[in-house]
Number of protein chains: 2
Amino acid sequence: MKKSAPATEQRELRVTIDDVARVAGVSKATVSRFLNHRTTRLSPEIALRVEKAVADLAYMPSPMAQALKRGRSRLIGLVVADITNPFSVAVLRGAEDAAQKAGYLVMLFNLGNAGEREREGIEALASYQVEGFILNTLGADSSVARELSRHGKPAVLVDRRLMGMQADFVSLDNTDAVRQAVTHLVGNGWSEFLYVTEPVAGVSPRVERAAAFRTAAAEHARDMGGSLVFEAAEGDDAALDQALLDLKRRAGKKPKAVLASNARTTLRVAESVARLGWVLGRDVGFVGIDETPWASLVGPGLTTIEQPTDDIGRLAVGCLLERIQGQDLPPRQVLLTGRLVARASSQPPAR
Amino acid sequence: MKKSAPATEQRELRVTIDDVARVAGVSKATVSRFLNHRTTRLSPEIALRVEKAVADLAYMPSPMAQALKRGRSRLIGLVVADITNPFSVAVLRGAEDAAQKAGYLVMLFNLGNAGEREREGIEALASYQVEGFILNTLGADSSVARELSRHGKPAVLVDRRLMGMQADFVSLDNTDAVRQAVTHLVGNGWSEFLYVTEPVAGVSPRVERAAAFRTAAAEHARDMGGSLVFEAAEGDDAALDQALLDLKRRAGKKPKAVLASNARTTLRVAESVARLGWVLGRDVGFVGIDETPWASLVGPGLTTIEQPTDDIGRLAVGCLLERIQGQDLPPRQVLLTGRLVARASSQPPAR
DNA sequence: TTGTATGCGTTATCAC
DNA sequence: GTGATAACGCATACAA
């Protein structure tokens with residue numbers, strides 16, 4: 001019945017371990033041993049026969065069956081808050097690459113910014129026996145931590161911390177990044193500052209960066225006029241325009257600069273500046289977190305802080321694999337430092 | 001032995017169909033039927049018991065085991081040429097979304113532009129019993145078509161055709177898109193044209209768009225001065241600068257315009273224009289294929305042709321699911337029309 | 001209508 | 001050293 005291969009319709013030609021065993025004239029146990037426990041000694045002659053059969057049939061074990069048996073799937077689950085976000089994609093790239101190199105495949109679950117689906121995503125991925133998670137979540141659903149530990153599978157957080165979650169964490173060194181930006185601008189002679197961020201709302205990188213800005217501002221107090229943090233609500237461009245106008249009024253004749261918390265904010269600030277008829281780097285200094293391919297093309301070129309996104313992804317799966325391999329370390333934090341890419345938007349103000 | 005759950009170490013608390021059966025006081029066959037064949041009539045009383053047990057235990061079938069048994073995994077394999085490419089990501093987004101809604105999960109394999117890994121990717125994904133493929137490949141490895149039909153699994157091509165591959169194909173209507181761009185520019189009074197593309201090298205969308213440009217140029221011959229196609233090699237910025245200078249010389253006093261084949265090309269053209277000290281929309285008209293978040297910020301704003309990327313992804317999995325459900329249709333082509341987003345870079349030339 | 005038994009492709013525990 | 005054989009969790013043909 002198994003041998004009947006109708007030539008008309010191409011049937012499933014999956015080569016199984018039984019086929020190999022039959023061709024090699026051994027039992028499947030032997031084949032399995034040959035494949036998995038290279039240590040145990042097989043008689044050379046048999047080893048050769050098996051090896052040849054495997055090669056001839058181009059046999060590849062079914063990861064599904066393996067997963068079912070051993071409980072390990074060589075799969076990594078990646079839950080991402082918003083695949084539209086270039087940062088997420090960059091991390092994904094690094095992660096997928098590192099995973100591939102380690103013989104793992106990535107299963108993706110995109111939340112589309114729908115926080116309530118976090119549990120759903122983890123659930124779905126877990127059901128496929130992923131061996132661990134990389135989470136770039138919204139942190140909206142606090143039950144995620146429980147959900148995760150319920151499965152007892154390792155997880156590493158990327159970019160965003162999760163309250164009540166004891167796990168490895170890989171991210172940009174936000175404090176240092178903001179400090180670099182402020183130091184750079186102050187050093188170039190800018191003195192009135194506005195830090196623009198998406199609504200903080202307890203999202204950890206936003207919280208940290210805003211706090212870092214306040215700290216840095218305090219550190220540079222004697223070289224700075226004033227500093228303010230503005231939370232730019234999603235669609236409210238008018239408010240952002242107004243914040244910039246306020247900055248201008250506040251600054252008077254002193255050179256004013258804006259610091260944007262990420263690429264999306266950078267976009268919005270650039271648009272706002274354009275609406276006001278200002279020119280970046282002339283009417284207002286600028287540094288934005290997140291390097292982008294278009295940074296050099298906007299105005300006179302935008303100074304940015306580049307995140308080592310690739311490394312973030314790579315290190316995230318690195319951490320994860322260590323956990324998967326059973327190492328029982330305490331939760332680690334991996335903070336990567338950003339790199340300031342200086343362009344004309346932050347050059348010393350005229351006069 | 002199964003019942004011994006050491007309280008010290010949280011053991012695998014995977015709920016299996018056996019657990020449900022035990023709790024409900026029925027056989028696992030009954031549970032399975034309740035879950036899969038809602039049609040077959042169970043005695044209401046038993047159905048209720050099973051339902052309650054499933055709910056109480058929060059039972060979720062193991063997709064792995066199901067896949068092993070039925071040969072179907074509710075998994076879709078997505079092979080992407082370069083996850084760094086915003087277009088790929090946009091498609092991925094749409095695809096992942098549609099897949100999720102249909103109860104499928106996406107397994108991702110990124111080629112990182114390494115064409116020789118196409119087979120590897122398909123192989124890896126296939127081994128996980130993905131039910132079908134969505135391919136946005138490089139087309140470098142011609143063995144891919146064979147590889148695919150070997151597995152007998154449906155595939156749909158996105159954006160790039162594959163030689164010798166009979167499969168569904170979803171893409172932007174390249175011909176129409178280029179025609180829109182040319183018509184728009186000609187209508188606004190631009191007359192000398194340069195079409196800039198990445199090296200064509202047999203890559204189908206590049207071929208098609210370049211061809212479409214030549215056709216459109218021919219159609220508008222009486223309103224156009226001249227038209228040329230330039231293939232911008234990867235790192236060779238000087239050549240691109242020279243091409244633009246040639247365009248200028250050729251055009252003389254006539255208004256000259258550049259058409260960029262995609263977002264990456266747009267970036268390079270914009271950089272080149274900046275190097276030459278020109279201003280888009282004034283010294284040179286411009287339209288680029290691919291809408292981007294930064295299009296409005298470069299120069300006076302870049303006119304673009306927006307691809308319906310989301311729909312492309314969505315329709316791709318739509319096609320795929322139809323195939324998976326066994327419909328035996330002839331290969332289809334789904335061509336989606338782009339939308340011209342007019343900005344100042346293509347406004348009628350001064351004078 | 002429900003239960004029993006078998007097999008999907010592996011790995012692992014026994015015997016031999 | 002090697003080969004039966006029993007799981008892994010599930011779906012289904014068949015028996016009841």
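Note that the structure is predicted; figures quoted are calculated from it, not measured. Just so it is clear: chains get the letters A, B, ... in the order the sequence lines come, proteins before strands, and each one is counted from 1.
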Q. Within this structure, what is the CZ-to-C1' distance between A/F34 and D/dG1, rounded to whole angstrom?
A. 15 Å

Q.
Measure CE/A/M64 against C1'/D/dC10 and give the value in whole Å, please.
A. 13 Å

Q: Return the value, rounded to whole Å, for the distance between atom CG of A/D19 and atom C1' of C/dC8.
A: 13 Å

Q) Regarding B/Q66 and B/R74, is there a side-chain donor-to-acceptor distance under 3.5 Å anywhere? A) no

Q. At what distance, to the nearest 0.5 angstrom, does CG of A/L125 lie from CE of A/M107?
A. 5.5 Å

Q. Which distance, rounded to the nearest 0.5 Å, do you find between the NZ of B/K153 and the CG of B/L148?
A. 10.0 Å

Q: For each nucleotide in nucleotides 10-16 of chain C, reading 5' to 3', give B when a protein heavy atom comes within less than 4.0 Å of its base, S when such contact involves only the sugar-phosphate, and - otherwise.
A: BBB----

(Q) Using side-chain heavy atoms (C-beta onward) and a distance below 4.5 Å, is A/N113 in contact with A/N85? (A) no

Q | Between C/dG9 (P) and B/Y128 (OH): distance, integer Å | A | 17 Å

Q.
I need the B/R117 CZ to B/L111 CG distance, nearest 0.5 Å.
A. 6.5 Å

(Q) Looking at B/R22 and B/D18, is any side-chain nitrogen of the basic one under 4.0 Å from a carboxylate oxygen of the acidic one? (A) no

Q) In whole Å, what is the span from the CG atom of B/L68 to the P atom of D/dA7? A) 17 Å

